[in-house]
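Note sheet for the following structure.
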Amino acid sequence: MPELVDGLDSKSSAFGHVGSSPTAPTSVMGTYNRLPVSFVKGKGCWLWDTNGDCYLDGLAGIATCALGHSDRALRRELSKQLGRLQHVSNLFQIPEQEELANWLVSNSCAEKVFFCNSGAEANEAAIKLSRKYGHIKRNIEKPIILAAKASFHGRTLAALSATGQTKYHEGFKPLLRGFKFFDYNNIQSFEELLCQLESDGPQIASVLIEPIQGEGGVNPGEKIFFQHIRKLCNKHQILLIFDEVQIGMGRSGNWWGYQELGIEPDAFTIAKGLGGGHAIGALLVKEKANVFSPGDHASTFGGNPFACKAGLTVAMEIEKRKLLSNVQKRESQLVAGLVQLVNDFPHELKEVRGWGLLQGLVLHENTAIKAPMIVKSALDNKLLIGTAGVNVLRIAPPLTISSDEIKKLLIRLRESLISFQ
Ligand SMILES: *Cc1c(COP(=O)(O)O)cnc(C)c1O
């Protein structure tokens, strides 16, 4: 399957580049390498394609469909909301927005919430907030934001500039200035950069970092590293901002990724899992990072009644159905099964890493089998999984997945691997 390997350096994410889609003419701009399948129906962890074939969804719309597909509560609440009110704009008070913000503040370390529509937008807000904080709290003329290599913060220009992967930058220079990069989980690299920049007075406004890197290859943050940068940020009055767009909202088995690290950020962003598949993002801040005034930032659609009702329903259902505990149990089961696969395919598979229901199955770099080829083979076995980076398979099923479905997922993944032997 040589054509499957060509696309490895392509800038696609999630599914990787697995060869071109069918050549049917399309009016849609060619920004994605799509797999040759389209779905017409979903229920829980299952999706049906146009031929009526049924697939097990181990990717959940790239970690968005926290409650699975066509969830009953979400259908009920959103149908009611559609019939009641859909959009009014932020010129007015929005009770659903207040309610979701109250829930988020009551269930996290944050004190205030700004709503937008996506992960990149939430990070844009965090970047603007960093700069304002730098100007007004630290008196920095040109505030710098530190970010990690191999990070991913989104495709809009500022979020892209904060993304520490050059492959996403190609073709889009000049990027925004004011971002500097250190090695993830590397105390020495972080300290060196910080000392170099702060030696002649304040320059750094914030550190923007994922508690676990998602697109960059499912790299979990290390406690010792994060606790150290927390101390340094306190000492230098630098904001520590977490990008929890992928891990936040229960995917780790806790509500927030920072809980896995035993520290609290000064601000954090969320999006993917929040709306259960509907467009919503948010920037959450503690009081010390609450520096926006009226007029500083805005979004026409952000926090509309429909999106906020989706977020609230996801939160209520995760609570009511004790899904955090389900994530923890399914994590143990999934990881045990994946470790077994690593033992059984030692030439292809290297290790398993991740938190909760965001798991990466890491391939050896020197084998002929590449992650996108396994994604394709899994698709043939009616299993949806993704890639993260070049040689990591990403597994991120709905938080509602059952024990029996995890078993099926592991069986189908095994068959997908066997087909290469
Ligand atoms: C997906 C993702 C983003 C970008 O989110 P969009 O909604 O696609 O803009 C940003 N940060 C992280 C960690 C992500 O996983």
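Counting starts at 1 for both ligands and their atoms, in listed order. Worth saying up front: this structure is predicted, and the values here are computed from it rather than measured.
If you check each of Gly257, Gly214, Gly119, Pro211 against atom 6 (P) of ligand 1, the one with the closest non-hydrogen atom is Gly119. When the options Glu215, Arg155, Lys272 are ranked by their closest heavy atom to atom 15 (O) of ligand 1, first place goes to Lys272.
The six-membered or imidazole ring of Phe306 lies away from that of His87, with a centre-to-centre distance of 6.0 Å or more.
The protein does not reach atom 8 (O) of ligand 1 closely, with no heavy atom under 4.0 angstrom from it.
The CG atom of Asp49 sits 6.5 Å away from the CZ atom of Phe39 when rounded to the nearest 0.5 Å.
Counted within 6.0 Å of NZ on Lys142, heavy atoms from surrounding residues, nucleotides or ligands total 12 or fewer; the atom is thus considered open.
Asn290 and Glu111 share no side-chain donor-acceptor pair at under 3.5 Å. Defined by atom type and a distance below 3.5 Å, a donor-acceptor pair is missing between the side-chain atoms of Glu244 and Trp255.
Ranking the protein heavy atoms by distance from atom 11 (N) of ligand 1 puts Asp243 OD2, 2.8 Å first.
When only interatomic distances are considered, the shortest N/O to N/O separation between Phe152 and ligand 1 falls below 3.5 Å. In terms of polar-atom proximity, defined here as any N/O pair under 3.5 Å, Gly154 makes no such contact with ligand 1.
With a 4.0 Å cut-off on non-hydrogen atoms, Asn123 touches ligand 1 through its side chain and not its backbone. By the criterion of a heavy-atom distance under 4.0 Å, both the backbone and the side chain of Ala120 are placed next to ligand 1. The part of Glu210 lying near ligand 1 is the side chain, judged by heavy-atom distances below 4.0 Å.
Atoms of ligand 1 lying under 4.0 Å from at least one heavy atom of Gln246, given by number and element, are 15 (O). Distances below 4.0 Å separate heavy atoms of Ser118 from the following atoms of ligand 1: 7 (O), 9 (O).
Proximity of a side-chain donor or acceptor of Tyr258 to a complementary backbone N or O of Ser108 within less than 3.5 Å is not detected.
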* Trp46 vs Glu405, side-chain hydrogen bond (donor to acceptor under 3.5 Å, both in side chains): CA-CA, chis, key distance, verdict -> CA-CA 10 Å; Trp46 300 89; Glu405 286 163 339; 2.9 Å; yes
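Classification of the Phe114-His297 ring pair by plane angle, with boundaries at 30° and 60°, yields tilted.
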